[in-house]
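What follows is a single structure, written as structure tokens, with notes after it.
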Amino acid sequence: MRWPDFRDRLYSTHSIGIEPEPRRDPSRVLLTFAFGRRPLSAPRLAAVVALLISIAAVLVFVLGLFQDSERDTVSVLLVTLDTTRADRLGCYGYASAGTPHLDALAARGVRFDRAYTVAPITLPAHTSILTGTTPLYHGVRDNGSFRAASELTTLAEILRESGRRTGAFLGAFPLHREFGLDQGFEVYDDALDPIEATGRPGTERRGDRVVAAARDWLQEIEADAPFFAWVHLFDPHAPYTPPHDAAAAHPDDPYQGEIAFMDACVGELLDSLEAQGRLANTLVVVVADHGESLGEHEEESHGLLIHDGTMRVPWIIAGPDVPEGVVRTDVVRTTDLVPSLTEWLGLPAPAAVQGAPVDWTREGAPSQRAAYLETLYPRLHYGWSELRGLVHGDWKIIEAPGATEARPELYRIREDAAETVDAAAAEPARLEEMQRRLRETVERLSSRGTLSHSRELSDADRQRLRQLGYLGDESTERRADGRHPREMIALKYRLDDAKRAVEAGRFSEVERLLTEVAERDPENPGIPEIRGVMHKATAARDPESRARAIASFETALKRSSENPRLWKHLADLHAWDGNLERAVVCFGEAERRGPLPDDARLTHAHWLERLGRGEDAWRSLTGVRLIEAADADTALERGQSALDASRRAEALAWFDRAAAALSEERQTLRRLALRRAVEAALDLRLPDAAYERLTGLTAIAPEDDWAERELERLRKR
């Protein structure tokens, strides 16, 4: 049909002598054309429209199924960058960043310019990334002393249920499996570098080693299997010690050197996927858990404040069906990651999710999301007020709800990115509006209750976290004295300096620093403990130092009676004083308040031995992990050393470990280990333990006359 005929059939014209009709709805006109010149009646029109809507819905559904079936095979790579400021990457405007791989990833995908984390602490931030919930719901508020609840649904659990292989490769102790984020992972590789590699025992793993572990796993799984891999790179965390090449490229900025090294690790991982033919069908998501203050607002690192240096993070997405070179300038949150991924993959999001999907397939209109921010680190570690805040549009509010005087801060962050001008006094109406929004946000996000709760830290855990700079005064009884972290932050660094001075033996410097802290915060519970540790350094050989150390720790206990470490210090001091009864009592108080490291429990067993309490000594070693970890030869050596030092309970534990680990091919050593264990048990006056080991010895060496005689003697008792 020619266009004039088509036109005339749609609309009457004067040229054929018919009065013009009012211009009708195009959809009705087309229906009239399709079903004849006579207009459709209203009922017929409604029926036809309903039919067409149904057909369209079916087509959308079928196309959706086709799209979802294609995305069923898409793999997901999540790379979390620890302690990485957004404004230190090249794609975010830092000219000398040295981040070509992340910049290239942003160029072929979507970059979120205003992405916010919820907390400036590794474990809480990652819990939010992997569950789509805030700490107000998941309850993880700090590193080490909290564990993600098993009731939480993680991204790994969702993607594993969808048929994907799941593996996690971690770079630091705060994400160790004991803190609960291993849920849903087939492989959770949290092995850490030995002390020779980092100088800090069991705290972190360099990025190239993390990537190597992830690459090995990807090569092991089926070539056509979709996967979800989480790779965590910890390198930019303090202390900043980049490898030689990265350090040479940034000689005056070791933090940037760490970021450049981390970028190279990301490039190596992506190159590996490309070589395996997997990259084209992998959605790559790169996001930081938090940033680093680098001296802004007097904060050297992160955790105490919630300014943008630590809360605004890079977030980049690239992969199949992701538009190239898009920059989103609206506010998004790391809690939006889970619902965004699940929606894009056509998977159900957990009901508890508190984020919202972000449609990265198009630029779209700016959203009205509000980003909730918090840190409880000041309260948990120093007894100061916690902080909470909200970013909405151009504005940001920060409150200290535990402070004696309510002094909220208000910043217009679009114009004042460094947050140097507090607009609270000049903008009272805006301040009131932001306070209302923050209050409503907290109420809404808290409405489901809190799942996770605090856990006790062992001394070994404390040592690891302290090495990473994550422990303050560490008291378990916290003050609520209304101090604002902004006012007290300088004291935090004085206490840190004092601890380092104790370790270096600069005791006059320790006293000077503690005096400065006491002038502004005389009840700070860290002061007497640090002073006690200083005196304890020379107390083993000096009775006067012992007395001063005991007095300092007893003062600390008045402020923090539930701190197990203080009781442990006192136990050591009383033992050095020869008061083993008091030492054992103090150790018991420490053990009731939290788990203690294995070396402390071995020492405690020796004290009990010397008091003639052999059975108690042996019982106190139940479950000591050092014994389980040693190989057979090491266990034999340590057992003999303990026996030579008359530490018989310890020797018995080591010899048991050796006997269990020695193979049948090494029967001579196995018999020796059992015989030494029998001797230690007899010396401890533990006939049942001796009998059990003698039975094992005669079973493998029936010709051993000594074992048979001892066994017969015990039977006659």
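The basis for the numbers below is simple: all heavy atoms, side chains too, and nothing from hydrogens, waters or symmetry mates.
Of the possible donor and acceptor atoms, one in the side chain of E186 sits under 3.5 Å from a partner among the backbone N and O of T166. Without hydrogens or angle criteria, D631 side chain to D633 main chain gives a donor-acceptor distance under 3.5 Å. Formation of a donor-acceptor pair under 3.5 Å by the D235 side chain with backbone atoms of G207 is found in this model. Using modelled atom types, one side-chain atom of N143 and one backbone atom of L123 make a donor-acceptor pair closer than 3.5 Å. For the pair E157 (side chain) and T154 (backbone), a donor-acceptor distance under 3.5 Å is present. Of the possible polar contacts, one joining the R205 side chain to the A191 backbone as a donor-acceptor pair under 3.5 Å is found. E258 places a side-chain N or O within 3.5 Å of a backbone atom of T241 that can act as its donor or acceptor partner. Judged purely by atom type and a 3.5 angstrom limit, R693 has no side-chain atom pairing as donor or acceptor with the backbone of R675. Judged purely by atom type and a 3.5 angstrom limit, H232 has no side-chain atom pairing as donor or acceptor with the backbone of T80. Looking only at distances, a side-chain donor or acceptor of E609 sits under 3.5 Å from a matching main-chain atom of A649.
Ring centroids of F261 and Y240 are separated by 6.0 Å or more, keeping the two rings apart.
With a 4.5 Å cut-off on side-chain heavy atoms, L674 and F655 do not count as touching. Proximity of R215 to V211: side-chain heavy atoms (C-beta onward) are separated by under 4.5 Å at one or more points. No side-chain heavy atom of L181 sits less than 4.5 Å from a side-chain heavy atom of H176. Side-chain contact between L155 and T131 is absent, with no heavy-atom pair separated by less than 4.5 Å. You'll find the side chain of N563 reaches within 4.5 Å of the side chain of E529, heavy atoms only. C265 places none of its side-chain heavy atoms less than 4.5 Å from the side chain of V210. Side chains of V79 and L233 form a contact here, defined as non-hydrogen atoms less than 4.5 Å apart. Within the 4.5 Å cutoff, no side-chain heavy atoms of K558 are placed close to those of P528.
By the 30° and 60° cut-offs, the orientation of the rings of F587 relative to H604 is parallel. Between Y188 and F185, the ring-plane angle classifies as tilted under the 30° and 60° cut-offs.
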Would you check, one step at a time, whether the test side chain to side chain contact (heavy atoms under 4.5 Å, CB included) holds for H574 with V585?
CA-CA 10 Å; H574 287 304; V585 169; over 6 Å; no
Run the ring-ring contact (aromatic ring centres under 6.0 Å, His included) check on F179 and F173 step by step: do they pass?
CA-CA 9 Å; F179 305 125; F173 173 68; 5.3 Å; yes
Please walk me through it: do L711 and W706 pass side chain to side chain contact (heavy atoms under 4.5 Å, CB included)?
CA-CA 9 Å; L711 194 59; W706 176 86; over 6 Å; no
Evaluate E554 against I550 for side chain to side chain contact (heavy atoms under 4.5 Å, CB included), listing each step before the verdict.
CA-CA 6 Å; E554 287 178 344; I550 289 171; 3.6 Å; yes
Passes side chain to side chain contact (heavy atoms under 4.5 Å, CB included), K499 versus D496? Steps please.
CA-CA 5 Å; K499 292 171 189 174; D496 290 348; 4.2 Å; yes
Go through the steps for R500 and E503 under the test salt bridge (Lys or Arg N to Asp or Glu O under 4.0 Å), then give the verdict.
CA-CA 5 Å; R500 286 190 285 269; E503 294 171 359; over 6 Å; no
Which pairs would a plain distance check flag for residues 682-690, meaning a side-chain donor or acceptor within less than 3.5 Å of a matching protein atom at least two apart in sequence or in another chain?
from : atom 1 : to   : atom 2 : distance (Å)
D683 : OD2    : R648 : NE     : 3.4

For residues 530-542, run the donor-acceptor check on the side chains, cut-off 3.5 Å, and write out each pair with its distance to 0.1 Å, sequence neighbours left out.
from : atom 1 : to   : atom 2 : distance (Å)
R531 : NE     : E511 : OE1    : 3.4
R531 : NE     : E511 : OE2    : 3.3
R531 : NH2    : E511 : OE1    : 3.0
K536 : NZ     : H569 : ND1    : 2.9
K536 : NZ     : D572 : OD2    : 2.8
T538 : OG1    : H535 : O      : 3.4
T538 : OG1    : S545 : OG     : 2.9
D542 : OD1    : E544 : N      : 3.1
D542 : OD2    : S545 : OG     : 2.7

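Between R278 and E222, the closest heavy-atom pair is NH2-O, 2.8 Å. Closest of all the heavy-atom pairs between L636 and A673 is CD2-CB, 3.8 Å. Of all heavy-atom pairs spanning G303 and I121, the tightest one is CA-CD1, 3.6 Å. Between L643 and A680, the shortest heavy-atom contact is CD1-CB, 4.3 Å. The minimum heavy-atom distance linking P124 with A119 is given by the pair CB-CB, 4.1 Å. Heavy-atom minimum distance, R671 versus E703: NH1-OE2, 3.3 Å.
One distance of note links CZ of R647 with OG of S641; it measures 10.5 Å at 0.5 Å rounding. In this structure, L621 CG and D616 CG are separated by 11.0 Å, a value rounded to the nearest 0.5 Å. Taken from CG in L580 to CZ in R613, the straight-line distance is 10.5 Å, to the nearest 0.5 Å. Taking CG of D289 as the reference point, atom OG1 of T83 lies at 5.5 Å (rounded to 0.5 Å). Taking OG1 of T698 as the start and CD of E710 as the end, the distance is 12.0 Å to the nearest 0.5 Å.
Between R592 and E589 there is a salt bridge, with a side-chain nitrogen of the basic residue lying less than 4.0 Å from a carboxylate oxygen of the acidic one. Comment: R715 engages E712 in a salt bridge, judged by a side-chain N to carboxylate O separation of less than 4.0 angstrom. Electrostatic pairing of R638 and E650 does not count as a salt bridge here, judged by no charged N lying under 4.0 Å from a carboxylate O. Checked for salt-bridge contact, K568 and E591 miss the test: no charged N lies under 4.0 Å from a carboxylate O.
The closest side-chain donor-acceptor pair between E268 and S272, if any, does not fall under 3.5 angstrom. Side-chain contact annotation: H138 with S128, donor-acceptor N/O pair under 3.5 Å present. Under the 3.5 Å distance criterion, with hydrogens and angles disregarded, no donor-acceptor pair is assigned to the side chains of D82 and H126.
Taking the ring centre of W576 as origin, the terminal cationic atom of R546 falls outside the region bounded by 6.0 Å and 45° from the ring axis.
For A229, the side-chain contact (heavy atoms from CB on, under 4.5 Å) partners at least two apart in sequence or on another chain are L77, W217, F227.
Annotation: Q219, atom CD; neighbour count of heavy atoms from other residues, nucleotides and ligands within 6.0 Å is above 12. Atom CD of E161 sits in a sparse spot, with 12 or fewer heavy atoms from other residues, nucleotides or ligands closer than 6.0 Å.
Under the side chain to side chain contact (heavy atoms under 4.5 Å, CB included) test applied with L130, the options L152, V338, L78 reduce to a single match, L78.
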